[in-house]
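From a predicted model like this one, the values you see are computed outputs, not experimental measurements.
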Amino acid sequence: RSVILKSKAEELAKATNKEEEFALYKAIERLAPVVFKEVKKNDKDLCANVDFYSGFVYEMLGIPKDLFTPLFATARIAGWCSHVVEEVLNGGRIIRPAYKNTSKACIYKMLSER
């Protein structure tokens, strides 16, 4: 999702003459892991998530800043609610089951070839 949003942000930046600001976002995305590693002495991968570019995109779309937080929250309400239900059903715990792929490996076929 973040790759798609970043691509769309770049398109919008060109269309709205905000290419300089987009370049700043890209620089921050590139430099933050370097600074994090240096300051925290930690090799953990640090990637921009989908929300890194969303406020910038909202701004370019002309969405009022007062709506940024409600948009952020609205997109997450279903997940937050499911966590509450899960917690209630599991005695105050949210379960994070391990995932193990048990399917057989197969060769990918292009949609047009199926």
Side-chain angles (χ1 to χ4, degrees):
R1 294 180 304 156
S2 63
V3 172
I4 293 168
L5 189 63
K6 180 180 179 179
S7 169
K8 295 298 178 185
E10 186 170 19
E11 288 176 26
L12 277 170
K14 288 176 184 172
T16 58
N17 294 322
K18 296 211 179 241
E19 292 167 289
E20 239 179 80
E21 193 171 344
F22 180 74
L24 176 61
Y25 276 87
K26 283 188 356 183
I28 292 168
E29 183 180 11
R30 185 183 79 255
L31 295 171
V34 175
V35 172
F36 182 81
K37 182 177 181 175
E38 186 178 307
V39 171
K40 293 288 191 178
K41 308 290 187 248
N42 190 326
D43 288 337
K44 181 180 175 185
D45 285 339
L46 185 65
C47 305
N49 67 13
V50 71
D51 299 311
F52 183 70
Y53 288 96
S54 14
F56 182 47
V57 169
Y58 295 161
E59 182 183 317
M60 290 186 292
L61 291 174
I63 295 171
K65 287 188 181 189
D66 289 349
L67 293 179
F68 288 12
T69 301
L71 279 171
F72 174 89
T74 301
R76 284 156 183 78
I77 287 175
W80 292 340
C81 290
S82 68
H83 281 237
V84 170
V85 169
E86 185 178 12
E87 193 172 355
V88 168
L89 293 175
N90 291 295
R93 292 178 26 159
I94 296 176
I95 308 300
R96 297 282 180 243
Y99 173 78
K100 183 178 181 181
N101 185 352
T102 58
S103 64
K104 293 180 183 178
C106 59
I107 297 171
Y108 178 78
K109 284 188 177 183
M110 296 296 293
L111 188 59
S112 59
E113 297 172 8
R114 295 182 202 171

For this session: Please tell me if the side chains of E10 and K14 come closer than 4.5 Å, counting only heavy atoms from C-beta onward.
Result: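 Result yes, sub-4.5 Å side-chain heavy-atom pair found.
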Exercise. Any chain of hydrophobic side-chain contacts (each under 4.5 Å) joining L24 to F36?
Worked result: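 No, L24 does not connect to F36 through the hydrophobic network.
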Exercise. Is there a chain of hydrophobic side chains (I, L, V, M, F, W, Y, each step under 4.5 Å between heavy atoms) that links F52 to L61?
Worked result: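 In one cluster: yes.
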Exercise. In terms of the angle between their ring planes, are F22 and Y53 parallel, tilted or perpendicular, with boundaries placed at 30° and 60°?
Worked result: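 Ring orientation, 0 to 90° scale: tilted.
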Exercise. Got a second to check how far E11's CD is from M60's CE, nearest 0.5 Å?
Worked result: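 Going from CD on E11 over to CE on M60, the span is 10.0 Å.
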For this session: Give me the one residue out of N90, L89, V84 that meets side chain to side chain contact (heavy atoms under 4.5 Å, CB included) with E86.
Result: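 Among the candidates, only N90 passes.
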Heavy-atom closest contact ([X] atom, [Y] atom, distance):
{"X": "P33", "Y": "I28", "answer": "CD-O, 4.5 Å"}
{"X": "E29", "Y": "A48", "answer": "OE2-CB, 3.6 Å"}
{"X": "E59", "Y": "F68", "answer": "N-CZ, 3.7 Å"}

Exercise. Should the heavy atoms of other residues, nucleotides or ligands under 6.0 Å from CD1 of I4 be counted, would the total exceed 12?
Worked result: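 Count not over threshold, so no.
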Exercise. In this structure, are over 12 heavy atoms from other groups packed under 6.0 Å from D45 atom CG?
Worked result: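 Not buried by this count: 12 neighbours or fewer within 6.0 Å.
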Return all side-chain donor-acceptor pairs below 3.5 angstrom for residues 72-80, not counting sequence neighbours, or 'none' if the list is empty.
residue: T74; atom: OG1; partner: P70; partner atom: O; Å: 2.6
residue: R76; atom: NH1; partner: F72; partner atom: O; Å: 2.9
residue: R76; atom: NH2; partner: D51; partner atom: OD1; Å: 2.7
residue: R76; atom: NH2; partner: D51; partner atom: OD2; Å: 2.7

